A.B. asks: 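The structure under discussion is supplied below as structure tokens; questions concerning it will follow.
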Amino acid sequence: MTDCVLGVDLGTSAVKVSAVTKTGEIIAQEGMDFPLRQPKPGYAEQDPEDWVSATTVAIVRLILNDQLKPEQIKGISYSGQMHGLVLLDADNQVLRPAMLWNDTRSTKQREEIMAKMGDRFIEITHNQPLEGFTLPKLLWVKENQPEIFAKAKTMLLPKDYLRFRMTGNLAIDYSDATGTVMLDVDKQVWSQEILDAFDIPASLCPPLVRSIDNTGHIDDWYAQYSGLSTETVTFGGGADNACGAVGAGIDSPTKVLSSIGTSGVILKYEPQKETNYNGVLQYEDHAIPDAFYSMGVTLAAGFSLSWFKKTFAADEDFTAVVESAAQSTVGANGLLFAPYIVGERAPYADADIRGSFIGIDGIHQRHDFVRAVLEGIIFSFRDLMDEYEAKGSRFDTVVSIGGGAKSPLWQQIQANIFNTKVVSLKNEQGPGLGAAMLAAVGLGWFKSVSECTKVFVKFKDVFLPRANDVAKYRKLHDIYKQIYPSTKEITHELVLIAGKMGRNNLVRADGNDGLSFFHF
């Protein structure tokens with residue numbers, strides 16, 4: 001009988017549970033969907049019990065269908081969708097549907113936070129109070145549903161509620177706590193200054209734990225419900241971005257994650273809590289103890305490519321369209337693309353900027369436009385890398401995941417624009433694998449996450465920068481950087497004239513997209 005751990009990946013529309021052995025082998029995997037409710041424009045809610053039911057079904061399937069024995073499962077850890085607000089009463093009963101990361105109703109509260117605290121808020125939390133974060137949601141409930149707020153005794157995030165239902169223990173790990181923007185990052189405690197400023201009882205904030213900390217055994221009730229053993233130990237787990245970084249091997253300052261999904265993310269390991277990007281980049285506690293990570297988001301990364309294909313090559317194979325870019329040249333024969341087609345978040349927090357093709361010539365063919373889109377997305381990532389390099393950071397490896405790792409051509413473009421080695425993963429499992437790794441370390445199978453990484457995370461393709469192309473791309477990026485300031489006023493006027501019709505309400509530059517790189 002092979003011992004294993006379960007990595008529970010609680011996403012926005014589904015949960016996936018992976019059983020992983022000491023050697024990093026995934027021996028079984030099950031998933032289950034659950035509904036998202038949007039009762040009004042801008043609202044996004046879920047019933048927390050749906051998370052519990054879906055996870056339980058997945059675990060039961062692992063036991064029945066995949067023949068896992070309960071005593072074989074030694075530990076469980078969790079990755080969860082970030083920022084969602086779950087409120088419990090004195091009896092630990094859910095008071096209202098959970099407000100999710102992509103719920104955008106709290107603009108008024110975000111503005112109130114900045115009006116009251118301004119730069120001091122960013123100094124404490126290292127982040128801006130975007131609508132996607134938890135504190136603005138909590139203040140919305142306080143202002144709009146005071147009878148519910150008055151009954152609230154505990155605040156949890158999604159994966160922490162799931163863990164509570166399995167163990168009966170209340171806790172939140174540091175990586176998810178940072179995403180509430182109620183944590184004092186430098187002091188690593190709930191910020192009493194923020195709580196006092198907005199009349200929030202400190203008792204609402206649960207105990208803080210590390211991602212690898214033991215958070216209790218499966219209790220009797222959940223053992224009977226799921227078939228698990230009460231000998232199985234749970235661990236703190238982490239926010240999906242943190243767990244995704246763990247699962248991709250981002251465990252040192254010289255590694256950067258390049259993720260292309262609907263949105264795109266550049267994520268960097270940060271060794272010091274004192275680092276502060278003044279809200280330009282998000283800053284969070286890592287799931288790795290005593291470490292942190294920062295990330296910048298390009299809102300329309302993969303979405304730009306999907307939009308182009310849907311609009312100009314709807315009936316063609318996606319891979320063939322992407323690979324047609326090889327018929328073009330570095331710089332797409334003088335054509336540049338700015339991927340601001342739904343606004344932008346970082347480094348330009350601008351909901352009304354719009355994308356553009358610059359330099360269109362009569363010689364250009366469709367493959368030049370495809371190449372320009374691929375390059376433009378990576379130029380926007382290069383903007384984020386510049387933010388890091390301005391702080392003195394230097395990198396030797398970029399780990400490419402998502403859509404950018406599926407095309408050798410696109411990976412080579414990344415290596416050339418970043419002027420850094422780019423690698424992809426043999427077994428890209430994202431935050432579920434990261435959660436399993438946290439359980440493996442928590443159980444003592446490994447002394448550290450870095451030691452676990454050497455066993456669990458395996459790289460495959462390696463792309464090295466080509467000196468001639470690096471020099472060309474550096475000149476092109478200097479031109480690309482002029483697009484935003486040159487087109488900002490024009491595109492803002494166009495958006496105003498159009499009455500913002502056709503604006504994508506799910507992807508916004510103010511943080512409401514919620515499209516962290518594992519939410520697709």
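All of these numbers come straight from a predicted model, not from anything done at the bench. Below, each value reflects all heavy atoms present in this structure, side chains not excepted, and no hydrogens, waters or symmetry copies.
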A.B. asks: Under a 3.5 Å threshold, yes or no: a donor from one side chain and an acceptor from the other, between Glu131 and Thr107?
C.D. replies: yes
A.B. asks: Among side-chain atoms of Arg382 and Gln414, is any donor-acceptor pair under 3.5 angstrom?
C.D. replies: no
A.B. asks: Sequence neighbours excluded, which residues qualify as side chain to side chain donor-acceptor pair (under 3.5 Å) partners of Glu30?
C.D. replies: none
A.B. asks: Measuring only between side-chain heavy atoms, which start at C-beta, is Lys159 closer than 4.5 Å to Asp173?
C.D. replies: yes
A.B. asks: Answer yes if the side chains of Tyr388 and Glu270 hold a donor-acceptor pair under 3.5 Å, and no otherwise.
C.D. replies: no
A.B. asks: What verdict does the salt bridge (Lys or Arg N to Asp or Glu O under 4.0 Å) test give for Arg37 and Asp50, after you've listed the backbone C-alpha separation in whole Å, the side-chain angles of each residue and the deciding distance to 0.1 Å?
C.D. replies: CA-CA 12 Å; Arg37 299 178 178 86; Asp50 287 343; 3.5 Å; yes
A.B. asks: Return yes if a side-chain donor-acceptor contact under 3.5 Å exists between Gln411 and Ser400, otherwise no.
C.D. replies: no
A.B. asks: Restricting to pairs with a member in residues 309-318, which pass salt bridge (charged side-chain N to carboxylate O under 4.0 Å, His left out), not counting sequence neighbours?
C.D. replies: Glu316-Arg366
A.B. asks: Side chain to side chain contact (heavy atoms under 4.5 Å, CB included) with Glu25: which residues, sequence neighbours excluded?
C.D. replies: Thr21, Thr23, Ile27
A.B. asks: So, do Val423 and Thr397 sit near enough that their side-chain heavy atoms are less than 4.5 Å apart?
C.D. replies: yes
A.B. asks: Between atom CG of Asn241 and atom CD of Glu284, what is the distance when rounded to the nearest 0.5 Å?
C.D. replies: 7.5 Å
A.B. asks: Could you check whether the rings of Phe379 and Tyr473 sit parallel, tilted or perpendicular, using 30° and 60° as the cut-offs?
C.D. replies: perpendicular
A.B. asks: Got Ile26 and Asn427 here, is their nearest side-chain heavy-atom distance under 4.5 Å?
C.D. replies: yes
A.B. asks: Sequence neighbours excluded, which residues qualify as side chain to side chain donor-acceptor pair (under 3.5 Å) partners of Thr420?
C.D. replies: none
A.B. asks: Looking at Gln109, is its backbone amide N or carbonyl O close enough to the side chain of Ser106 to form a donor-acceptor pair, meaning the two atoms are under 3.5 Å apart?
C.D. replies: no
A.B. asks: Is Lys391 reaching over with its side chain to a backbone N or O of Glu387, donor-acceptor style, under 3.5 angstrom?
C.D. replies: no
A.B. asks: For residues Gln29 and Leu62, report the shortest heavy-atom separation together with the two atoms involved.
C.D. replies: N-CD2, 3.8 Å
A.B. asks: Which residue pairs pass the side chain to side chain donor-acceptor pair (under 3.5 Å) test with at least one member in residues 453-467, sequence neighbours excluded?
C.D. replies: Asp251-Thr453
A.B. asks: In the structure I gave you, are the side-chain heavy atoms of Leu85 and Trp140 within less than 4.5 Å of one another anywhere?
C.D. replies: no
A.B. asks: Quick check: Phe133 with His83 (ring centres under 6.0 Å apart)?
C.D. replies: yes
A.B. asks: Can Gln429 and Ser18 be counted as having a side-chain donor-acceptor contact under 3.5 angstrom?
C.D. replies: no
A.B. asks: Testing the basics here: between Ser211 and Gly238, what is the closest heavy-atom pair and its distance to 0.1 Å?
C.D. replies: OG-CA, 4.1 Å
A.B. asks: Using ring centroids (six-membered ring only for Trp), state whether Phe337 and Phe357 fall under 6.0 Å.
C.D. replies: yes
A.B. asks: Do Ile260 and Ile378 have side chains that approach each other closer than 4.5 Å (heavy atoms only, starting at C-beta)?
C.D. replies: yes
A.B. asks: Quick one: side chain to side chain donor-acceptor pair (under 3.5 Å) partners of Thr311, sequence neighbours excluded?
C.D. replies: Trp307
A.B. asks: Show your reasoning for whether salt bridge (Lys or Arg N to Asp or Glu O under 4.0 Å) applies to Glu493 and Lys488.
C.D. replies: CA-CA 9 Å; Glu493 289 180 1; Lys488 177 180 179 180; over 6 Å; no
